There are 2 protein chains.
Amino acid sequence: MALEHAILVSLLEKPGSGYELARRFERSIGYFWTATHQQIYRVLKRMEADGWVDVRDVRQQSRPDKKEYSVSASGLSALTGWLHEPVQPESVRHELAVKVRGAAFGDPAALIDEVERHQRMHRDRLAHYLAGERRDFGGSGTAGEPGAEAFGPGDPDAGRELRHAVLRGGIAYERMMIAWLDDVLATLHRLASRRRTGPASDPAS
Amino acid sequence: MALEHAILVSLLEKPGSGYELARRFERSIGYFWTATHQQIYRVLKRMEADGWVDVRDVRQQSRPDKKEYSVSASGLSALTGWLHEPVQPESVRHELAVKVRGAAFGDPAALIDEVERHQRMHRDRLAHYLAGERRDFGGSGTAGEPGAEAFGPGDPDAGRELRHAVLRGGIAYERMMIAWLDDVLATLHRLASRRRTGPASDPAS
DNA sequence: TCCTGATATGCAACTTGTTGCATAGGCAAG
DNA sequence: CTTGCCTATGCAACAAGTTGCATATCAGGA
């Protein structure tokens, strides 16, 4: 399992409660690893039982109390150990690709709206990434950046640079998807117009 | 669930047994949707109970008998219905990205081998895709292509073009990953050398 | 004859992930 | 003062996916 490790990374970057973790999983971390709050609370319990994290009750005014989790020494060694283990060929799940192939047995034109919807989503996410990049890594020098306060061992800039590298990956991924969905849309439009004019005629090619 | 629908698409492209499906999920379909044979057998049972597929016992010589599954009318309508439903924002699971971020809390150099191993895998897969593209879609005209025999409704070329569009997506994805992993490797090497010379000195920038 | 390997199907136990619901404190608007 | 919203935590039931094992046919080689 890697949810434990994703939580360890997030808590090392900054300690927080299950609720805060759940919100991070809707934003930064969630762009390459998703989890619901139920999952997070359950896994945090297990991690606490395993001694990977320490808990601290925090009284708050104007909002309910919370439990703040932070990574213990044994949690850190679990993470560094995991870094040395090979990851298996990560299982892919591209539902839209299944649909595109399935469109051959239905109406290809019916998929156009859906593909456009996905493309809009990827455009939005790309814009969000680029804004984050400008904010956190833009310009020159080491400007203030959230989530970089609580670094433990190693180069304090390493976290910053590695987060930037991951973000560049997200940006590259969104750009690739937007371009591919353009390609898919062109194919669907071509098939739709060919269907209207009759399956035998294909004046373009 | 989408495994049912991935199986429907595969069986519509060509009827086959659970075992044959399992092998397809290690190859073509498996590149955007993974499943083990246990999962496939279990889901085929359910699909049979739901009347989505028809079964036929096939006697074979020089190998054990098999059950050949094919999509029923109700299975086809289930697929076309699914095509109209919106897919939700597909959950992402990029374990390597978690590791890259986690490398800030361990030794960044330790990840280099792992990243190179992944990059080799992506290079191999890209080569495999490109070979498949040349074989099935290369040159001009409509050359013979496996898996395109049993098309039902619609343009018989639609399946071919849509499979090509999905394959182009796979190619774009692998190229993007290879380039990004180059980027990650450069970052890791930079951090590793900075670490050797001391965290304070950074002669390059 | 026994062993290996490919084909072929499947069960059982377990881990993960999802969905729906429940609870509770405090704030602000109506 | 009730209703809705955000914070905060959690259970229970279910669905999906993984791991390990079991079985059987048939071919070819040791």
Side-chain angles (χ1 to χ4, degrees), chain A residues 1-7 11 15-27 29-30 32-50 53 55-69 82 85 87-95 98, chain B residues 1-7 11 15-27 29-30 32-50 53 55-69 82 85 87-95 98:
Chain A
M1 231 259 275
L3 178 54
E4 271 106 332
H5 302 105
I7 288 176
L11 287 180
S17 68
Y19 187 82
E20 284 162 352
L21 279 170
R23 292 207 302 176
R24 291 186 213 172
F25 273 87
E26 290 168 357
R27 313 199 300 104
I29 320 156
F32 50 88
W33 203 271
T34 54
T36 60
H37 79 268
Q38 291 89 342
Q39 235 181 308
I40 290 166
Y41 283 121
R42 195 207 279 155
V43 171
L44 276 176
K45 284 246 182 258
R46 184 168 62 223
M47 292 168 75
E48 189 189 342
D50 292 346
V53 289
V55 204
R56 190 172 66 94
D57 273 348
V58 177
R59 294 286 170 84
Q60 296 185 115
Q61 68 274 46
S62 80
R63 60 183 59 180
D65 299 348
K66 66 175 178 178
K67 300 183 187 174
E68 194 180 75
Y69 291 87
W82 175 71
E85 286 170 22
V87 229
Q88 72 278 38
E90 55 178 307
S91 61
V92 190
R93 252 90 215 260
H94 291 317
E95 199 162 359
V98 178
Chain B
M1 231 261 274
L3 178 54
E4 271 104 331
H5 302 105
I7 288 176
L11 287 179
S17 67
Y19 187 82
E20 285 162 352
L21 280 170
R23 292 207 302 176
R24 291 186 213 171
F25 272 86
E26 289 168 358
R27 312 198 303 104
I29 320 156
F32 50 85
W33 202 271
T34 55
T36 60
H37 78 270
Q38 291 89 342
Q39 233 182 310
I40 289 166
Y41 284 121
R42 196 206 281 153
V43 170
L44 276 175
K45 284 248 180 256
R46 184 168 62 223
M47 291 169 76
E48 190 190 341
D50 293 345
V53 290
V55 203
R56 191 171 66 91
D57 273 348
V58 177
R59 295 286 170 84
Q60 296 184 116
Q61 67 274 44
S62 80
R63 60 182 60 178
D65 299 349
K66 66 175 179 179
K67 299 182 186 174
E68 193 180 77
Y69 290 87
W82 175 69
E85 287 169 22
V87 228
Q88 71 278 41
E90 55 179 307
S91 61
V92 190
R93 252 91 215 260
H94 292 316
E95 198 164 358
V98 179

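Note that the coordinates shown come from a computational prediction; the quantities given were computed from them, not determined experimentally. Within every chain, numbering begins at 1; the chains are lettered A, B, ... in the order of the sequence lines, protein sequences first and strands thereafter. Side chains included, hydrogens not; waters and symmetry mates left out as well; all remaining heavy atoms used.
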Checklist outcome for this item: Note: A2(B) and E95(A) closest approach over all heavy atoms is CB-OE2, 3.6 Å
Item to check | Full working for side-chain contact (heavy atoms from CB on, under 4.5 Å) between R93(A) and W33(B) | outcome: CA-CA 5 Å; R93(A) 252 90 215 260; W33(B) 202 271; 3.4 Å; yes
Checklist entry - Counting N and O atoms only, with roles assigned by atom type, does the side chain of E85(B) sit under 3.5 Å from a partner on the main chain of W82(B), one being a donor and the other an acceptor? => result no
Checklist entry - What heavy-atom pair brings V98(A) and A6(B) nearest, and what distance separates the two atoms? => result CG1-CA, 3.7 Å
Checklist entry - Atom OH of Y41(B) to atom P of dA16(D): distance rounded to whole Å? => result 21 Å
Checklist entry - What is the nucleic acid contact for Q38(A), judged by heavy atoms within less than 4.0 Å: base, sugar-phosphate only, or nothing? => result base
Next on the checklist: Give me the atom names and distance for the closest heavy-atom approach of Y19(B) to Y41(B).
Outcome noted: N-OH, 3.4 Å
Next on the checklist: Need one value for R23(B): base, sugar-phosphate or nothing, where a base atom within 4.0 Å counts as base even if backbone is also close, heavy atoms only.
Outcome noted: sugar-phosphate
Checklist entry - Rounded to whole angstroms, how far apart are OH on Y19(B) and P on dA24(D)? => result 18 Å
Item to check | Interatomic distance where CD belongs to Q60(A) and P belongs to dC6(D) [whole Å] | outcome: 17 Å
Item to check | d(CZ, F25(B); P, dG17(D)) in whole Å | outcome: 11 Å
Checklist entry - Which of the following nucleotides, dG17(D), dA27(D), dA8(D), is nearest to the side chain of K66(A)? => result dA8(D)
Next on the checklist: Which heavy atom of K67(B) sits nearest to which heavy atom of K45(B), and what is that distance?
Outcome noted: NZ-NZ, 4.1 Å
Item to check | Smallest separation among heavy atoms of L3(A) and A35(A), with atom names | outcome: CD1-CB, 3.7 Å
Item to check | For atom NE2 of H37(B) and atom P of dT23(D), their distance in whole Å | outcome: 15 Å
Checklist entry - At under 4.0 Å between heavy atoms, what does R93(B) touch on the DNA or RNA strands: base, sugar-phosphate, or nothing? => result sugar-phosphate
Checklist entry - Atom CZ of R42(B) and atom C1' of dG17(D): how far apart are they, to the nearest Å? => result 7 Å
Next on the checklist: At a heavy-atom distance below 4.0 Å, which nucleotide of DNA chain C is the first touched by chain A, and which is the last?
Outcome noted: dT16(C) to dC27(C)
Item to check | 5′-ward residue of the pair P64(A)/W33(A) relative to DNA chain C | outcome: W33(A)
Checklist outcome for this item: Here the distance between atom P of dT9(D) and atom CG of D65(A), to the nearest Å, is 10 Å
Checklist entry - For Q39(A) and E20(B), take the nucleotide of DNA chain C holding the closest heavy atom to each; which residue's nucleotide lies nearer the 5' end? => result E20(B)
